[in-house]
Amino acid sequence: MSVLAGKELRIVGFLCNWCSYGGADTAGTARAVQPTDLRIIRVPCSGRVNPLFVLKALINGADGVLVSGCHPRDCHYSAGNYYARRRLELLKEFLPVIGINPDRFEYTWVSASEGQRWKDVVTNFTNRIHALGPAPRWEDVPARYDRPEELIESIRPLGCGEHPALPELKQAIKDALAEGLEGVLGWKMSFDAIHAEPVFMTTPEEVDSLIWGPFNVHNLAVYLPKYKGRKIGVVVKGCDSKGVVELLAENLISREEVKIFGMGCNGTVSLPRILAKLPEGAKIESCVGRGNKLTVTAGGQAYEMTMAEVAQDKCRLCTKPNAVLSDVFAGTPTTEPAAPADGRLPGLRFLDSLSLEERMGYWKGQMERCIACHACRGACPMCVCRDYCVAESRDPHWMTQEDSVREKLYFQTIHALHLAGRCTGCGECQRACPVGIPILALRQQIGRAVSQLFDGYKAGMDPEAVPPLLGYELEEKNIHEREWK
Ligand code: FES
């Protein structure tokens, strides 16, 4: 056994070959005394460091991770470190939401001639990790299964009555089909009175089956990339339209090929909240919506509930009930409320109130229920590389088939990080989850960090906008180099 066994911690270093690796070499050549905890992985550029490398190391038990590249303006490939800076800063903001202390991760710049700086960096970082001690293990953290059901107050009136402009919308779709549109994506009622399903309408009869109201829960933007190259239409709520806008911003669909039909939205329901009000297993016979009240008849008995009781959280806080972008807008737009000043996001508010260890325990408890069905991925309009998803890739082998909390949480963090600066907050991932895991909070944390780092940027608002992680600034306004002395 090594004499250092028990004294060293597991620190992983990703070092750019052209500068920091040379800096470490310079320190070694000068015989500078340094801690020995760091295990170095040489990478061609800091831009090659996928934040998932760092996450994988930390989730799997590394006590600390250090990334070091060339100084800004010195990257061998011009801009690799500028891209890395944005991604790694965002990662640092993300780590606490899953209970990992952000101090366990750092990134910096060291040139090949800076042996002394390398010594300072590695010594200070190692001391910091020793002060924190070994990272808590997922196995040792007590799982938490609680999260109080919090019915946040709506910032706007919610309704479930028949929309007066529905005939106008149907007529506009029929006209568009007659003019040569191949089909239009919408919703129709499904196997009972509270479940709707997507429909691709190609005939006037199918258009007559179109519904609009509290059960239009699906975000139909998810289907658009599959129809690329075909001229089709899509009916959107305000939140769905942000998905369409983001797909346009990323050139995943073409504006000329998609006709957007919008109508003012008065909120949609959370089906689990409705089902919780009905006797278990009761057959649903009918559902009538009037004003803000739903009457569901199930098992021969009528149950009354208000939209305030059963609406989705995202609808309560929605400030964009009308399509952000549309070609046809039927009826009058719904009044847009101002954003709440306190930024109320129930999932995040709850997580913010927990300590880091409690957050780990919380996600451990949640992920124990995950059945890895990937429904969250299937429902996400911005999850567009399903055929090449890292969750299924065996080359590289990002994830194992192990049925463990770590692997399942790792998948969720991959999904959240892939959506950084792209997630429009439609909440489809959480709605589609068959076991009710509140995974939207992971996306919301990323969205909050993106907004703070990049001047209030919000995905899905402008088809011409460049998502923040696809660009960089030479001097970042809100990202500052940390001192190592
Ligand atoms: Fe060193 Fe890009 S080559 S950071």
Side-chain angles (χ1 to χ4, degrees), residues 11-30 32 34-35 37-58 62 64-95 102-126 128-129 390 396 398 413-414 417-418 420-422 446 449-450 453-454 466-485:
I11 304 178
V12 181
F14 293 98
L15 270 55
C16 160
N17 172 57
W18 300 100
C19 286
S20 298
Y21 194 82
D25 210 24
T26 305
T29 310
Q34 305 165 56
D37 307 51
L38 192 74
R39 297 291 176 269
I40 293 174
I41 298 171
R42 183 156 53 153
V43 291
C45 172
S46 62
R48 175 65 185 91
V49 180
N50 189 326
L52 301 179
F53 296 169
V54 179
L55 257 179
K56 193 168 173 80
L58 290 171
V65 177
L66 177 68
V67 175
S68 187
C70 308
H71 285 278
R73 296 176 202 275
D74 286 349
C75 175
H76 196 73
Y77 306 98
S78 300
N81 49 7
Y82 289 128
Y83 288 105
R85 184 167 59 184
R86 284 194 167 191
R87 288 183 214 143
L88 297 175
E89 188 69 25
L90 201 56
L91 174 68
K92 209 164 162 56
E93 299 290 327
F94 176 72
L95 291 176
D103 288 342
R104 293 191 180 276
F105 164 63
E106 201 53 85
Y107 70 96
T108 190
W109 322 118
V110 176
S111 79
S113 61
E114 291 179 313
Q116 182 59 43
R117 177 173 162 84
W118 172 255
K119 181 190 161 178
D120 291 343
V121 165
V122 79
T123 305
N124 289 353
F125 186 66
T126 307
R128 185 204 288 181
I129 299 302
V390 293
W398 282 94
T413 55
I414 291 174
L417 285 173
H418 279 183
R422 306 173 62 235
I446 282 278
V450 165
L453 287 175
F454 306 111
V466 178
L469 293 193
L470 295 184
Y472 62 86
E473 297 280 342
L474 295 184
E475 302 293 339
E476 296 284 359
K477 196 165 136 201
N478 300 318
I479 303 178
H480 306 288
E481 172 81 8
R482 281 169 274 273
E483 283 297 324
W484 287 98
K485 288 283 176 192

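Both ligands and their constituent atoms are indexed starting at 1 by order of listing. Because the structure is predicted, anything quoted here is derived from the model rather than measured.
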*Asks:* Could you verify whether a donor N or O on one side chain and an acceptor N or O on the other, from Glu476 and Tyr82, lie under 3.5 Å apart?
*Replies:*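 Result is no, nothing qualifies.
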
*Asks:* Using a strict 4.0 Å cut-off to heavy atoms of Trp18, name the atoms of ligand 1 that fall inside it.
*Replies:*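 Atoms satisfying the 4.0 Å criterion: 3 (S).
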
*Asks:* Can you give the angle Cys75 SG - atom 2 (Fe) of ligand 1 - Cys45 SG, rounded to 10°?
*Replies:*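 The two atoms form an angle at the metal of about 100°.
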
*Asks:* Scan side-chain atoms only and decide if Gln34 and Thr123 contain a donor-acceptor pair under the 3.5 Å cut-off.
*Replies:*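 Side-chain D/A pair, Gln34 to Thr123: absent.
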
*Asks:* Does ligand 1 have a heavy atom under 4.0 Å from the side chain of Cys19, from its backbone, from both, or from neither?
*Replies:*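 No part of Cys19 is near ligand 1 at this cut-off.
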
*Asks:* Flag the pair Arg73 and Glu475 as a salt bridge only when some basic side-chain nitrogen lies within less than 4.0 angstrom of an acidic carboxylate oxygen.
*Replies:*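 A salt bridge is present here (some side-chain N lies under 4.0 Å from a carboxylate O).
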
*Asks:* Relative to the heavy atoms of Tyr77, which atoms of ligand 1 are at a distance of less than 4.0 Å?
*Replies:*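 That gives atoms 3 (S) of ligand 1.
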
*Asks:* If I take atom CG from residue Leu91 and atom CG from residue Leu95, how far apart are they, to the nearest 0.5 angstrom?
*Replies:*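 Here the rounded value is 4.5 Å.
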
*Asks:* Identify, by atom number and element, the atoms of ligand 1 in contact range of Cys16, meaning under 4.0 Å from any of its heavy atoms.
*Replies:*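 So the atoms of ligand 1 that pass are 1 (Fe), 3 (S), 4 (S).
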
*Asks:* Taking only heavy atoms of Cys70, which atoms of ligand 1 are found under 4.0 Å from at least one of them?
*Replies:*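 Within the 4.0 Å cut-off of Cys70, ligand 1 contributes 1 (Fe), 3 (S), 4 (S).
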
*Asks:* Under 3.5 Å, side chain of Arg86 to main-chain N/O of Ile479, donor-acceptor pair present?
*Replies:*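 Such a contact is absent between Arg86 side chain and Ile479 backbone.
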
